[in-house]
K.L.:
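The following block contains the structure, expressed as structure tokens.
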Amino acid sequence: MSIIQKAAQRLEELNRAGIDVPVRPGPDAGAAAAEMPVAAMLRAAPGIPAMPRQAPSEPSRRSAEVVLDLGRMEANGFLVSSDARSELAEEFRHIKQPLLRNVREAGRKPGTREGLIMVTSALPREGKTFCAINLALSMAMEVDTSVLLVDADVVRPSVLDRLGLPAARGLLDLLTEPSLEPADVLLKTNVPKLTLLPAGTRNARSTELLGSEAMEQLLVDLSNRYADRVIVFDAPPLLLTSEAKVLAARVGQVVMVVEAGNTSRSAVTEAFAAVEQCPKVMTVLNRCAEPLNDRRYGYYY
């Protein structure tokens, strides 16, 4: 049935229903009707509501892109050197391998959290942020792994500063502003497969926000969006803040950074007790001056 026939049929149905559809007489009336789309003819009929106009689709949001100064980072001891066999690179290969093995063994089954990895320490200045950044950089070198590095030290964020970037909106803003989407605050970098999520705007209720349902939904969204994504959190020290303990309950793996020769045994014991709800906890001994099983973790920093 042609468009003209459909229009005529609809007009006849309207007339039978008692709705008078005015048609302007004249020699060109037939031609005008023929040229008028059916939707326009129906809108012209009295008593017939106009068809709703479809809103234009919202353009997809894209994350901002930032350029890391790789030379500056390498000078500060970060893993951006082309020397894949450096001692630093080898150290972090040994650190990341069991973590990635746990992720793969979990098989991305529903409810598993091995892809959420929190890096923390008992006390400040033990090297956790340095280890978190290098762990993320090392994992991004994997063939089949992309990494999201989250600055979850919302009390004293330092990831962006270490990387030479200015402060920006991020994690806490996502938890307080429903209109924001992850793409609005994620930062894509010039390091292949490495994306950053800043800590965001400081908030006095940061502990409650990290323990909220909004945080749970955000973790699900971030971890499920990309099948190959691992999320590394640089978290606050365990013994001085409550935020790290709350976050530890939501992740699948914890990396505990311990400064050799400085952190007391009691502090380490207390820190481990604080993350006992996490099923997998790994320890990295940082700034170790002597070889430990033929390997030294943290001679760098």
K.L.:
Mind checking whether Asn102 and Gln253 have side chains closer than 4.5 Å, heavy atoms only?
P.N.:
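Yes; the side chains approach each other to less than 4.5 Å.
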K.L.:
Can you check side chain to side chain contact (heavy atoms under 4.5 Å, CB included) on Leu209 and Leu172, steps first, answer last?
P.N.:
CA-CA 7 Å; Leu209 290 172; Leu172 292 180; 4.0 Å; yes
K.L.:
Is any side-chain heavy atom of Lys245 less than 4.5 Å from a side-chain heavy atom of Leu238?
P.N.:
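With C-beta onward as the side chain, the pair touches.
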K.L.:
Of all residues at least two apart in sequence or in a different chain, which pass the side chain to side chain contact (heavy atoms under 4.5 Å, CB included) check with Ala167?
P.N.:
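Residues passing side chain to side chain contact (heavy atoms under 4.5 Å, CB included) with Ala167: none at all.
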K.L.:
Before accepting this row, confirm whether a basic side-chain N of the pair Arg113/Glu216 lies closer than 4.0 Å to the acidic partner's carboxylate O.
P.N.:
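Salt bridge present between Arg113 and Glu216.
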K.L.:
For a side chain to side chain contact (heavy atoms under 4.5 Å, CB included) check, start with the C-alpha distance between Leu285 and Val257, then their side-chain angles and the critical distance, and finish with the verdict.
P.N.:
CA-CA 6 Å; Leu285 188 61; Val257 178; over 6 Å; no
K.L.:
How far does CZ of Arg250 sit from CG of Leu116, to the nearest 0.5 angstrom?
P.N.:
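The distance works out to 10.5 Å.
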K.L.:
Restricting to non-hydrogen atoms, name the atom on Ala168 and the atom on Leu160 that form the minimum distance, rounded to 0.1 Å.
P.N.:
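Where Ala168 meets Leu160 most closely, the heavy atoms are N-CD1, 3.9 Å.
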K.L.:
Within the 4.5 Å heavy-atom criterion, are Val275 and Met256 side-chain neighbours or not?
P.N.:
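SC-SC contact between Val275 and Met256 confirmed.
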K.L.:
Check whether any side-chain N or O of Asp173 sits under 3.5 Å from a backbone N or O of Gly200 as a donor-acceptor pair, and report yes or no.
P.N.:
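Pair absent, no side-chain N/O of Asp173 close to backbone of Gly200.
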K.L.:
Measure the CD-OG distance between Glu259 and Ser264 for me, rounded to the nearest 0.5 Å.
P.N.:
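So the CD of Glu259 and the OG of Ser264 are separated by 11.5 Å.
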K.L.:
Carefully, step by step, assess Leu99 and Val103 under the rule side chain to side chain contact (heavy atoms under 4.5 Å, CB included).
P.N.:
CA-CA 6 Å; Leu99 298 169; Val103 173; 5.8 Å; no
K.L.:
Less than 4.5 Å apart, any side-chain heavy atom of Thr283 and any of Phe272?
P.N.:
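A side-chain contact under 4.5 Å exists here.
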K.L.:
Look up atom CG in Asn262 and atom CD in Glu126, then write down how far apart they are to the nearest 0.5 Å.
P.N.:
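The CG atom of Asn262 sits 7.0 Å away from the CD atom of Glu126.
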K.L.:
For Lys96, run the salt bridge (charged side-chain N to carboxylate O under 4.0 Å, His left out) check against Glu91, Glu90, Glu142 and tell me which one passes.
P.N.:
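Checked Glu91, Glu90, Glu142 against Lys96; only one passes salt bridge (charged side-chain N to carboxylate O under 4.0 Å, His left out): Glu142.
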K.L.:
What is the minimum heavy-atom distance between Leu137 and Leu79, and which atoms define it?
P.N.:
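Answer, listing the atom of Leu137 first, then Leu79: CD1-N, 3.7 Å.
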K.L.:
Tell me, with the steps shown, if Met139 and Val232 meet side chain to side chain contact (heavy atoms under 4.5 Å, CB included).
P.N.:
CA-CA 10 Å; Met139 286 183 168; Val232 176; 4.1 Å; yes
K.L.:
Going by heavy atoms in the side chains, are Leu171 and Pro198 under 4.5 Å from each other?
P.N.:
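Side-chain contact under 4.5 Å: no.
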K.L.:
Shortest non-hydrogen contact from Leu247 to Ala235?
P.N.:
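The answer is CD2-CB, 4.1 Å.
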K.L.:
I'd like to check Ile133 versus Leu163 (side-chain heavy atoms, cut-off strictly below 4.5 Å). Are they in contact?
P.N.:
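In short, these two side chains touch, coming nearer than 4.5 Å.
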K.L.:
Indicate every side-chain donor-acceptor pair of residues 144-155 with a distance under 3.5 Å to a residue at least two apart or in another chain.
P.N.:
residue: Ser146; atom: OG; partner: Asp228; partner atom: OD1; Å: 3.1
residue: Asp151; atom: OD1; partner: Asp153; partner atom: N; Å: 3.2
residue: Asp151; atom: OD2; partner: Ser158; partner atom: N; Å: 3.1
residue: Asp151; atom: OD2; partner: Val159; partner atom: N; Å: 3.0
residue: Asp153; atom: OD1; partner: Arg156; partner atom: N; Å: 3.2
residue: Asp153; atom: OD2; partner: Lys128; partner atom: NZ; Å: 3.1

K.L.:
If you count the non-hydrogen atoms of other residues, nucleotides and ligands that lie under 6.0 Å from CZ in Arg72, is the total more than 12?
P.N.:
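For Arg72, atom CZ is crowded (more than 12 foreign heavy atoms under 6.0 Å).
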K.L.:
I need the Ile117 CD1 to Ile231 CD1 distance, nearest 0.5 Å.
P.N.:
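So the CD1 of Ile117 and the CD1 of Ile231 are separated by 9.5 Å.
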K.L.:
List the atom of Met282, the atom of Ile95, and the distance in Å for their closest heavy-atom pair.
P.N.:
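Heavy atoms only, the tightest pair is CE-O, 3.4 Å.
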K.L.:
Are any of the side-chain heavy atoms of Phe233 and Val251 separated by less than 4.5 Å?
P.N.:
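Answer yes - side chains close enough.
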K.L.:
Between CZ of Phe130 and CZ of Arg162, what distance do you get to the nearest 0.5 Å?
P.N.:
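Result: 8.5 Å between the selected atoms.
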K.L.:
Here's a test for you: under side-chain contact (heavy atoms from CB on, under 4.5 Å), which of Met215, Gln217, Arg205 qualifies with Leu175?
P.N.:
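Only one of Met215, Gln217, Arg205 forms a side-chain contact (heavy atoms from CB on, under 4.5 Å) with Leu175, namely Met215.
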K.L.:
Sub-3.5 Å donor-acceptor pair from the side chain of Thr241 to the main-chain atoms of Pro237, do we have one?
P.N.:
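Looks like yes, one N/O pair under 3.5 Å.
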K.L.:
Shortest non-hydrogen contact from Leu100 to Val230?
P.N.:
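In this case the closest contact between Leu100 and Val230 is CD2-CG2, 4.1 Å.
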K.L.:
Evaluate the side-chain proximity of Asp234 to Thr120: yes if any heavy-atom separation is below 4.5 Å, no if none is.
P.N.:
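They are not in contact (no side-chain heavy atoms under 4.5 Å apart), so the answer is no.
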K.L.:
For the side chain of Ser223 and the backbone of Val220, is there at least one donor-acceptor N/O pair under 3.5 Å apart?
P.N.:
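Side chain of Ser223 to backbone of Val220: a pair is present.
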K.L.:
Heavy atoms only: give me the nearest Glu243-Pro236 pair and the separation to one decimal.
P.N.:
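What the structure gives for the nearest pair is CB-CG, 4.0 Å.
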K.L.:
First locate atom CZ of Arg169, then atom CG of Leu186, and finally report the distance between them rounded to the nearest 0.5 Å.
P.N.:
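Going from CZ on Arg169 over to CG on Leu186, the span is 11.5 Å.
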